[in-house]
Amino acid sequence: MNRIHSEQEFQEQVGQNKPTVAVFKAAWCKDCHFIDPFMPDVEQAYADKLTFVEIDRDELPDLCEKYNILGIPSFIVFRQGREVTRFVSKLRKTREEIEQFLDRSVEVANALPS
């Protein structure tokens, strides 16, 4: 998963036609570390449909404030610079829940006009 280090880099990535999954995390977040072991396999399974990027909440706090990132990890899917879907909950996210979110996000993104 590519790590984003600036707001400009973030805007360039989420402006693409191929949907981008922005995963907002932090080094100190236990629930973020919980998803680390299976996320590479998830990313690979969706590689033809989605691009994944990681944003450290502490490295880019203004960006996180702009998108109202309060709980982490948070998943937001963007296409052509617009938010398509969002998965945020205070509960630990399972692989199955993340994959269900990604499946729905692909459907929504594909339904949008190009």
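Along the sequence shown, the residues carry numbers beginning at 1. Heavy-atom basis, side chains included; hydrogens, waters and symmetry copies ignored.
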Practice task
Check whether any side-chain heavy atom of Tyr46 sits under 4.5 Å from a side-chain heavy atom of Glu99, and report yes or no.
Solution key: yes
Problem - Verify same cluster id: Phe101, Phe38 (apolar side-chain graph, 4.5 Å) - result: yes
Practice task
Output yes when a side-chain donor or acceptor of Arg79 lies under 3.5 Å from a complementary backbone atom of Ala109, and no otherwise.
Solution key: yes
Handout entry: Flag side-chain contact, heavy atom, 4.5 Å: Arg57 against Lys25
Key = no
Practice task
Walk me through it: do Gln8 and Glu12 pass the test side chain to side chain donor-acceptor pair (under 3.5 Å)?
Solution key: CA-CA 6 Å; Gln8 178 182 349; Glu12 288 171 8; 3.1 Å; yes
Exercise for the section: Kindly work out whether a path of hydrophobic side-chain contacts (I/L/V/M/F/W/Y, heavy atoms less than 4.5 Å apart) joins Val53 to Val14. Expected result: yes
Handout entry: Side-chain heavy-atom pair Asp41, Arg95 within 4.5 angstrom cut-off
Key = yes
Practice task
Report the distance from atom CZ of Phe78 to atom OG1 of Thr20, rounding to the nearest 0.5 Å.
Solution key: 9.0 Å
Practice task
Measure the shortest side-chain to side-chain distance between Thr85 and Ile76 over non-hydrogen atoms and say whether it is less than 4.5 angstrom.
Solution key: no
Problem - Glu54 side chain to Ala22 backbone, donor-acceptor under 3.5 Å - result: no
Practice task
Step through the shown structure and confirm whether more than 12 heavy atoms of other residues, nucleotides or ligands are within 6.0 Å of CZ on Arg82.
Solution key: no
Problem - Side-chain donor or acceptor of Glu59 paired with backbone N/O of Ile55 under 3.5 Å - result: no
Practice task
Report yes or no: do Glu9 and Gln13 form a side-chain donor-acceptor pair below 3.5 Å?
Solution key: no
Exercise for the section: Report yes or no: do Ile72 and Leu60 belong to one cluster of Ile/Leu/Val/Met/Phe/Trp/Tyr joined by side chain heavy-atom distances under 4.5 Å? Expected result: yes
Exercise for the section: May I have the step-by-step check of salt bridge (Lys or Arg N to Asp or Glu O under 4.0 Å) for Asp56 and Arg3, ending in yes or no? Expected result: CA-CA 8 Å; Asp56 185 314; Arg3 190 150 181 192; 2.6 Å; yes
Exercise for the section: Kindly indicate whether the side chain of Pro19, heavy atoms from C-beta on, has any atom under 4.5 Å from the side chain of Val84. Expected result: no
Handout entry: Phe75/Phe52 aromatic ring centres below 6.0 Å
Key = no
Problem - Pairwise side-chain contact, Val23 with Phe87, heavy-atom cut-off 4.5 Å (strictly under) - result: no
Problem - Test: Arg92 cationic atom under 6.0 Å from Phe34 six-membered ring centre, within 45° of axis - result: yes
Problem - Test item: side-chain donor near acceptor, Gln80 and Asn17, under 3.5 Å - result: yes
